[in-house]
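Report on the structure given below.
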Amino acid sequence: MNAFDRLAPPLQKWIRQQGWPSLRPVQTAGINAILGTNNDVIITAATAGGKTEAAFLPLISDVLLEEPAQDHGFDLVYIGPLKALINDQTRRLEDMCREAELAVVPWHGDIGSGVKSRALKAPRGVLLITPESLEALFVRRGSSIATLFGATRAIVLDELHTLLDSERGIQLRSLMNRMEIATGRQIRRVGLSATLGDTGLARHFLRREAPDDVVLCEAAGGGAEFQVQLRGYLTGGKVPEDEVAAKDDRSAEAAIAMHLFEKLRGSNNLVFAGSRGKVELYADRLRLLGEAQGLPQEFYPHHASLSKEHREFVEKRLKDASLPTTAVCTSTLELGIDIGSVTCVAQIGAPFTVASLAQRLGRSGRRAGQPSILRQYQIEARLEKSSHLADRFRLGLVRAIAMIELYLQKWYEPPRSSALHLSTLVHQILAVIAERGGASAERLYVTLCSKGPFYAVDTTLFLAVLRQIGSSDIALIEQSDNGLLFLGRQGEKLVEHYSFYAVFKTPEEFRLVEQGKDLGTLPVDNILAPGMTIIFSGRRWEIVEIHEREKVILVTRSKAGAPPLFGGDPGEIHNQVVEKMFEVLEGKAVPIYLCKQAAALLAEARGNFALTEAGFHRIIATGEDSHLIATRKGSVVTNTLALALGGFGFETSIYDGFIEVRTKEAKLRLEDALALIAESKRLSLFYRQAEPQSEKFHPFLSADLLQQDALSCRLDETGAIRLASEILASTQQQTARNR
DNA sequence: GACCTGCTGCGGCTTG
C-alpha cells in the first residue's frame, strides 16, 4: 500500500483539498517510518520543506486509527521553542485537524486561562507547548501528569537543533524523561530540524538508551541554486588622497548602507547585522537614505529589545508581498517563524557559526526556480606601520570565507556532549522535588542522572551538589528525619515565583517610553543621563527622565543620536572553523565570489601570513616583550591556554586561532611556561579566575563545583595541554633546523 | 567579540 493510502480518510481528504500533486519524499518517508511502528524519528528538510506535515500526517492518522491507551489525556504533544512558532503551527494544525475533529490546544504564557482550564478539565487532541509551560505543569500539577499524558502517543520537538546543546535542551530531555517515569510508558519522540550538524548526536539527544534505533528521514538536497558575493571595505587609518571624493561620509558603514539601499530596495530581504547596536546603526542610515530621496520607508530594525508591537509590525510587513520590506535584524529572524521567502540574505561581518549562517540562508530561495542569495559584507582596517598582526591577517575576512566554504561542504557545528550542566541540574533537583512533594536522593539520582540527561554527573559529584544546596546558608533543600529531601526556605521561595520555570538567565533592563508608549528595553548597565541622545527602534531620541527604581526611561524625538550598548558574551568559534581559516590563509585559490577589494585583501592577508611564517613558527615575536602564538584552534582550547598562561602573569588577548602574549609582568620565559603546562595533568592550579558564574543557578554553587562545570564545557584542559606540547615541539624543531 | 528563548495563580475589578 502506498503512503497516501495508509493515512486516515480525513487526512486524505485534507491533502486533496490542498491541491498537492503528490506527497514530498520526506513526507512519504515520515509516513512509512511512523505508521504501524513505535520508532523514534528525526525528520530533516530545508525550512518550509514540509517537515510539520511529514510528522503530523502519520501521527494524527495513528491517533484516529488506533485505540488510545486511556480515555483521557492529550493524544499528541508538540514542543516549540517560541511562542510565535506555536501560534503559527496551531493555525496549520487546526486546518489539518478540522476534518478529523481533533482538538488543537496552544499553551504558553500569552494564552488565556480560559483555554488552559478547559484543556485541563478535558485534555485531548494535540497540545502545543513551550518547555517552560510544560515545566510549570509538572511543578504546579505534579499529581495530574499521569492523567494528562497517559494517552500521549508521541512528543514532537520542533527546531531540534536549537535544543541539542543548550540549557533549555537539557531541561527538555529531563521533562520528556520525567513524563515517561510519571506515566510508566515509553513515549515516541519525533524531532524536526533544518540544520543538524551531526545526526548521531541528535539521535543520542532523542533517545540516549537506543540512539541507533532512531529512524532518520532526510529530504534529498534542497535544490535551490546558491549565489554569493563577498564584498570587502576599508576603514580607519589614513584615507589616500585620490580616494577622498566629493561625498561627505566616507566611512565603510556608509558605503555598505548605500550598497544595501541600492541593491535591496523594492523587494523583501533580511540583513543580519551581527549585534543589536549595529542593527540600529544600519537601520538608521538606511532610513536617512530613503528620506533624502523622498521615498517611502521600507527598511526597519528588528531585534529582541524592540517592543512586541514594533516587531510584529515588521514581521507582518515581511509576510505581505505587496509592500517591499527589508528587516535589518539579529538572530530574532533566524528561527522558523513563517515570514515567507525573502529575495536575499545580507550578512554584515562574519557570522559565529556555520549552523546559523545555514539557518539564515534557508530564508531565501524558497520558491521554485529562485536562487538562494547571500551578500556578505566585511570591513577591514587600513594598514599602518603599527597595525596589529590580527589586522594584517584580515581575520574577519578570512573567517567569512571559511564559513562560506564550510557551508558549501554542508558542515555544521556539532553539539558538545560532555557538559555537566550543573546550573540546570540544581533547577531540575528543585523541580522534581516540587513535582513529587519530596524525593529521596537515590530516586533523584536515577531520575536525573542514571536515566536522565545529567549522565555525566557521577554519584560523588551529585552528592556534592546536594550537600552544597542543602547547606544552611544556601538552604535550597533540606532533609527530613526519614531521609526524604524537601524544598528549603530559599528553595520554596524560588519555586513559588513564576520566574522559576525558565532555566536560562536574563539581564535586568530599563523600559524605554515615549509619550506613554513602550519602544523597547535596554540593559541596565548602560550609562545614561538626561540630555543624552540615542538611536533606538530605527529613530533618534533624547533622554528626558530616568526613573531608576521603576526602571523606566522617558524619551522624546531628537535629530542626533548614537546606538546604545546592548552588552553580550564573546562568541564561540569551533576548532573546525579555525582550521578552515588557516587552510584559507595557506591556500592559493581565490574564491570566485570575492569582489575586487575582497580579493586584494585576501592576497594581502596571505602575503603577510607567509612573511611572518606563522604557519611555520608557532610563536612569533611581535615586539620587545610581546609574542603571537598560533594556536590553530577554536575559542575553547585557545581560551584555556590563555587562562593557563595568565596564571603565570602573562597578559593575553585572544583572536581566531591566535593568542597575543605580553611578557612584561611574567615570572618566567614563555617557552618555560608552555613546558610546565605541557607536563601538567591538571591546569586548575594555574587559573587565576576560573569560576565564572554565567548561568542562572550558578550563584548557589561552590567555587569547586563552578570550576568543574566550566572545565566540562567552556574550557578544555586536555586540549590545551596537548596544544602546549604541540607548540613546543614545533618551536624545538625550528630551533634545531636553524642550527 | 554575540545572538536568542520563557513564565502562575489569584485577588479584585468591570460588565452583561
Side-chain angles (χ1 to χ4, degrees), chain A residues 79-87 107-117 120 129-142 158-159 161-163 165-172 175 270 272-279 302-306 308 311 328-337 347-353 355-357 359-360 379 390 395-396 399 413 424 427 431 434 494-507 521 523 565-573 577-578 634-636 638-639 642 653-658 660 694-696:
Chain A
I79 301 176
L82 302 173
K83 289 187 282 192
L85 192 57
I86 287 180
N87 296 344
W107 187 302
H108 56 65
D110 297 346
I111 300 291
S113 54
V115 175
K116 291 178 182 172
S117 56
L120 285 177
I129 194 166
T130 59
E132 288 73 19
S133 284
L134 188 57
E135 183 73 83
L137 273 179
F138 273 77
V139 169
R140 301 274 170 203
R141 301 170 192 279
D158 207 352
E159 306 283 359
H161 57 278
T162 67
L163 297 165
D165 206 14
S166 65
E167 293 153 87
R168 262 182 128 188
I170 298 295
Q171 176 188 27
L172 186 51
L175 282 165
L270 296 177
F272 290 94
S275 69
R276 283 171 284 179
K278 287 275 188 290
V279 165
H302 190 289
H303 58 72
S305 296
L306 297 176
K308 205 177 158 195
R311 287 165 62 176
V328 186
C329 60
T330 56
S331 36
T332 34
L333 289 179
E334 187 177 298
L335 280 188
I337 311 166
Q347 168 77 42
I348 304 175
F352 287 96
T353 64
S356 93
L357 178 66
Q359 194 70 31
R360 290 168 184 190
I379 300 176
L395 292 181
R399 185 162 98 210
E413 289 79 4
T424 310
H427 179 268
L494 274 185
V495 174
E496 266 167 26
H497 198 263
Y498 69 80
S499 59
F500 174 72
Y501 310 118
V503 288
F504 53 89
K505 197 164 115 178
T506 36
T521 58
L565 295 171
F566 288 98
D569 313 312
E572 219 169 72
I573 307 293
V577 172
V578 175
S635 35
V636 171
T638 302
N639 279 338
S653 325
I654 308 246
Y655 303 90
D656 290 357
F658 295 95
E660 187 181 37
S694 51
E695 294 175 29
K696 191 171 170 186

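Values in this document were obtained by computation on a predicted structure and should not be read as measured data. Within every chain, numbering begins at 1; the chains are lettered A, B, ... in the order of the sequence lines, protein sequences first and strands thereafter.
Within 4.0 Å of A:R141, counting heavy atoms only, lie sugar-phosphate atoms of the nucleic acid but no base atom. A:R140 comes within 4.0 angstrom of sugar-phosphate atoms only, judged by non-hydrogen atoms across all strands, and of no base. Within the nucleic acid shown, A:K278 has no heavy atom closer than 4.0 Å to any nucleic acid atom. A:S499 comes within contact range of at least one nucleobase, with a heavy-atom separation under 4.0 Å. Among the protein residues, A:N639 comes within range of no part of the nucleic acid, since none of its heavy atoms lies under 4.0 Å from any strand.
A straight line from CD1 of A:I348 to C1' of B:dA2 spans 15 Å, rounded to a whole angstrom. Computed from coordinates, the A:E695 CD to B:dC4 C1' distance equals 15 Å when rounded to whole Å. Here the C1' atom of nucleotide B:dC3 and the CG atom of A:L82 are 13 Å apart, to the nearest Å. Atom pair A:F352:CZ and B:dA2:P shows a separation of 6 Å (rounding to whole Å applied). Atom NE2 in A:H427 sits about 15 Å away from atom P in B:dG6, given to the nearest Å. With rounding to whole Å, A:F272 atom CZ is found 14 Å from B:dA2 atom C1'. When rounded to the nearest whole Å, the span between CG of A:L172 and P of B:dC7 equals 13 Å. When the C1' atom of B:dG6 is taken as reference, atom CD1 of A:I111 falls 14 Å away, rounded to whole Å.
With rounding to the nearest 0.5 angstrom, the OG atom of A:S133 is 9.0 Å from the NZ atom of A:K83.
When the nucleotides B:dG6, B:dG1, B:dC4 are ranked by their closest atom to the side chain of A:K83, B:dG6 comes out on top. Which of B:dC7, B:dG6, B:dC4 sits closest to the side chain of A:Y498 comes down to B:dC7. If you check B:dT5, B:dC7, B:dC3 against the side chain of A:R168, the one that comes closest is B:dT5. Considering only side-chain atoms of A:S133, the nucleotide from B:dG1, B:dT8, B:dC4 that sits closest is B:dT8. Of the candidates B:dT8, B:dC3, B:dG1, the closest approach to any side-chain atom of A:A136 belongs to B:dT8.
With hydrogens and angles left out, the side chain of A:D110 and the base of B:dG6 share no donor-acceptor pair within 3.5 Å.
Crowding of A:K696 atom NZ: a count of heavy atoms from other residues, nucleotides or ligands under 6.0 Å exceeding 12.
Under 4.0 angstrom from either OP1 or OP2 of B:dC4 there lies at least one side-chain N or O belonging to A:T330. Put simply, A:R276 has a side-chain N or O that comes within less than 4.0 Å of OP1 or OP2 on B:dC4.
Looking only at atom types and distance, the side chain of A:H427 has no donor-acceptor partner in the side chain of A:E167 under 3.5 Å away. In the model, A:T130 has no side-chain atom that pairs as donor or acceptor with a side-chain atom of A:H108 under 3.5 Å.
By the stacking rule of 5.5 Å between ring centres and under 30° between planes, A:Y501 does not stack on the base of B:dT8.
Toward the 5′ end of DNA chain B lies the nearest nucleotide of A:I654, the other residue of the pair A:K696 and A:I654 mapping further downstream. A residue-by-residue look at A:G571 and A:H497 shows that A:G571 has its nearest nucleotide of DNA chain B further toward the 5' end.
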Stepwise, does the side-chain contact (heavy atoms from CB on, under 4.5 Å) test hold for A:L163 with A:I79? CA-CA 11 Å; A:L163 297 165; A:I79 301 176; 5.7 Å; no
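Under the ring-ring contact (aromatic ring centres under 6.0 Å, His included) criterion, A:F272 pairs with no residue at all, not counting sequence neighbours.
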